[in-house]
Amino acid sequence: MAGTGTSPLNRAEQFIWLTARVLERRRFAHHFLEGSADAVETALAAYLNEDGGYGHALEPDLRGPVSQPLHTAHALSVLDSIGRCDGLRVERICRFLTEVSTKEGALPALLPTQRGYPAAPFIPIVDDPPAELLTTGPVVGLLHRNAVWHAWLFRATDFCWAAVDALDRSHPYEIEAAIAFLDGAPDRARAEAAADRLGRLVRDQQLAVLDPERRAEYPVAAGYAPGEQHFPYDYARTPESLARHWFTDEELSRSLDHLAAEQQADGGWPVNWRQWAPGTALEGRPIVTLKALLTLRAHGRSLG
């Protein structure tokens, strides 16, 4: 029976049943209602294309059927969350990643095949897209964390190291991608040293809101929507992340208090990036809601 209480989890459950796609419903059931991983994987398969990549607006800001690296990265994160990031399913994904990589062996954010289908205006479509740490870092880190070995990873890992080492000015999403790579990178000593440097960069450039009550004093990155800021929990999604060491206990606790308080009256969490179409915002909120719940739980917060 669906939860009908007033706890954060009960309210979020009602929001999920009311608004979410089948995939997010299955994911919620798996993480919070003892639902099966098989059901999640079956729902995810609806977004899979014959080329081994994922499309069909799995990432809501990219519409249309064509496979894209961002969709495929999203699919990998779902598989990782249910313990299915292995075997033939990942071999097939790695073949797709190999086929769409740039000359550096890394991933662009968006392939030109997106042209002709609706897409968020803040994700440019170009004929020869460059490799991006934003896309490549989370995929490489996730595959290493799952002990996946594939030829694609060698050059992609080298690209990520070079990109991370070159960071001197950045923006929150790029830092988020960098720490996702470092959290899975096999060379742990190098990863810890790089993470320490990035943590100082985050503080020096005010890329995290350390005091939510003084949020207006923190800058918003160029090109971001008003209020599209990052908090400590955006980087340290789990206590095991290297980014956890960037923040004091008080700073992290304040950010988690803020995250919990962001739950809306309808039970869901809001999206804070630029909203360009009603449907994309509607599909994005259950994804953000799941991420918020999992982050709070990972840090030991009671969901009631």
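Excluded from the calculations below are hydrogen atoms, water molecules and symmetry mates; all remaining heavy atoms, backbone and side chain alike, are included. Bear in mind the structure is a predicted one, so any value in this text is a computation, not a measurement.
Under a 4.5 Å side-chain heavy-atom cut-off, the cluster of Ile, Leu, Val, Met, Phe, Trp and Tyr residues that includes Val66 is completed by Tyr117.
Counting only distance, with no hydrogens or angles, the side chain of Glu91 and the backbone of Leu88 share no donor-acceptor pair below 3.5 Å. Looking only at distances, no side-chain donor or acceptor of Arg285 sits under 3.5 Å from a matching main-chain atom of Thr19. A donor-acceptor pair under 3.5 Å is formed between the side chain of His150 and the backbone N or O of Trp152. The backbone N or O of Thr238 sits nowhere less than 3.5 Å from a side-chain atom of Ser241 that would complete a donor-acceptor pair. For the pair Ser255 (side chain) and Leu252 (backbone), a donor-acceptor distance under 3.5 Å is present. For the pair Thr136 (side chain) and Leu133 (backbone), a donor-acceptor distance under 3.5 Å is absent. No side-chain donor-acceptor contact under 3.5 Å links Ser253 to the backbone of Asp249. Here the side chain of Gln14 pairs no donor or acceptor atom with the backbone of Gly267 at under 3.5 angstrom.
Judged as a side-chain hydrogen bond (donor to acceptor under 3.5 Å, both in side chains), and not counting sequence neighbours, the contacts of Ser7 are Asn10. In this structure Phe231 satisfies the ring pair (Phe, Tyr, Trp, His ring centres under 6.0 Å) test together with Tyr233, His258, sequence neighbours excluded. In this structure Arg84 satisfies the salt bridge (Lys or Arg N to Asp or Glu O under 4.0 Å) test together with Asp38, Glu41, sequence neighbours excluded. The salt bridge (Lys or Arg N to Asp or Glu O under 4.0 Å) test applied to Asp80 returns Arg145, not counting sequence neighbours.
The distance from the CG atom of Leu58 to the CG atom of Leu70 is 10.0 Å, given to the nearest 0.5 Å. Within the model, atoms CG of Leu198 and CD of Glu174 stand 9.5 Å from one another, a figure rounded to the nearest 0.5 Å. To the nearest 0.5 angstrom, Leu210 atom CG is 8.0 Å from Thr248 atom OG1. Remark: Asp187 CG to His144 NE2 distance equals 10.5 Å, nearest 0.5 Å. Atom CG of residue Asp128 and atom OG1 of residue Thr102 lie 8.5 Å apart, to the nearest 0.5 angstrom. One finds the OH atom of Tyr173 at 6.0 Å from the OH atom of Tyr224 (value rounded to the nearest 0.5 Å).
Linking ILVMFWY residues whenever their side-chain heavy atoms come closer than 4.5 Å, directly or via other members, leaves Leu282 and Val271 in distinct clusters. Residues Val126 and Leu111 fall into different hydrophobic clusters, defined by Ile, Leu, Val, Met, Phe, Trp and Tyr side chains chained together at heavy-atom separations under 4.5 Å. No path of Ile, Leu, Val, Met, Phe, Trp and Tyr side chains, each step under 4.5 Å between heavy atoms, connects Leu290 with Ile287, placing them in separate hydrophobic clusters. In the hydrophobic cluster analysis, where Ile, Leu, Val, Met, Phe, Trp and Tyr join through side-chain heavy atoms closer than 4.5 angstrom, Phe154 is grouped apart from Leu182. Val22 and Leu18 fall into different hydrophobic clusters, where Ile, Leu, Val, Met, Phe, Trp and Tyr residues are linked whenever their side-chain heavy atoms come under 4.5 Å apart, directly or through other members.
Salt bridge status for Arg254 with Glu250: present, with a side-chain N to carboxylate O gap under 4.0 Å. Comment: Arg244 does not engage Asp183 in a salt bridge, judged by the lack of any side-chain N to carboxylate O separation of less than 4.0 angstrom. By the 4.0 Å N-to-carboxylate-O rule, Asp51 lies too far from Arg95 to be salt-bridged with it. Salt-bridge check for Glu283 with Arg63: passed, with a basic side-chain N closer than 4.0 Å to an acidic carboxylate O.
Counting heavy atoms from C-beta outward, Asp86 and Asn146 have side chains that stay 4.5 Å or more apart. Taking 4.5 Å as the limit, some side-chain heavy atom of Arg25 sits within range of a side-chain heavy atom of Trp17. A 4.5 Å side-chain heavy-atom check between Arg274 and Pro226 finds at least one atom pair inside the cut-off. Residues Phe159 and Leu107 have side chains not in contact (no heavy-atom distance under 4.5 Å, counting atoms from C-beta outward). Residues Arg301 and Asp257 have side chains in contact (heavy-atom distance under 4.5 Å, counting atoms from C-beta outward). When side chains are defined from C-beta on, Tyr47 counts as touching Arg21, because their heavy atoms get closer than 4.5 Å. Cys94 places a side-chain heavy atom less than 4.5 Å from the side chain of Leu143. Considering only heavy atoms from C-beta on, Pro129 comes within 4.5 Å of Pro112 through its side chain.
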**OP:** Evaluate side-chain contact (heavy atoms from CB on, under 4.5 Å) for Thr280 paired with Trp273, printing each intermediate quantity in order.
**Re:** CA-CA 11 Å; Thr280 60; Trp273 59 84; over 6 Å; no
Original post:
Can you list the steps and then say if Ile175 with His171 is a side-chain contact (heavy atoms from CB on, under 4.5 Å)?
Top reply: CA-CA 6 Å; Ile175 296 295; His171 59 93; over 6 Å; no
Original post:
Arg11 and Asp266: side-chain contact (heavy atoms from CB on, under 4.5 Å), yes or no, with the steps?
Top reply: CA-CA 7 Å; Arg11 292 164 56 211; Asp266 62 5; over 6 Å; no
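Sorted by first and then second residue, the side-chain hydrogen bond (donor to acceptor under 3.5 Å, both in side chains) pairs with a member in residues 194-210 read Arg203-Glu251; sequence neighbours excluded.
Summarising the geometry of Gln229 relative to Val209, their closest heavy-atom pair is CB-CG2, 3.8 Å, with the distance given to 0.1 Å. Of all heavy-atom pairs between Glu262 and Pro270, the closest is O-CD, 3.4 Å. Of all heavy-atom pairs spanning Ile125 and Arg115, the tightest one is O-NH2, 3.5 Å. For Leu167 against Leu201, the heavy-atom pair with the smallest separation is O-CD1, 3.9 Å. Minimum heavy-atom separation, Val139 to Ala73: CG2-CB, 3.5 Å. Across Val220 and Gly227, no two heavy atoms sit closer than the pair CG2-N, 4.1 Å.
No hydrogens or angles considered: nothing links the side chains of His30 and Ser36 as a donor-acceptor pair under 3.5 Å. For the residue pair Trp276/Asp61, the side-chain donor-acceptor check at 3.5 Å is satisfied. There is a side-chain donor-acceptor pair under 3.5 Å between Thr113 and Gln68.
A cation-pi geometry, defined here as NZ or CZ lying under 6.0 Å from the six-membered ring centre and within 45° of its normal, holds between Arg190 and Trp161.
More than 12 heavy atoms of other shown residues, nucleotides or ligands fall within 6.0 angstrom of atom CZ in Arg27. In Phe122, the CZ atom is crowded: over 12 heavy atoms of neighbouring residues, nucleotides or ligands sit closer than 6.0 Å. Taking a 6.0 Å sphere around CZ of Arg188, one finds it holds more than 12 heavy atoms contributed by other residues, nucleotides or ligands.
Exactly one residue among Leu48, Leu62, Asn49, Leu76 makes a side-chain contact (heavy atoms from CB on, under 4.5 Å) with His71. That residue is Leu62.
You'll find the ring centres of His230 and Tyr235 inside the 6.0 Å limit. Taking the six-membered ring for Trp and the full ring otherwise, the centers of Phe15 and Trp269 sit at least 6.0 Å from each other.
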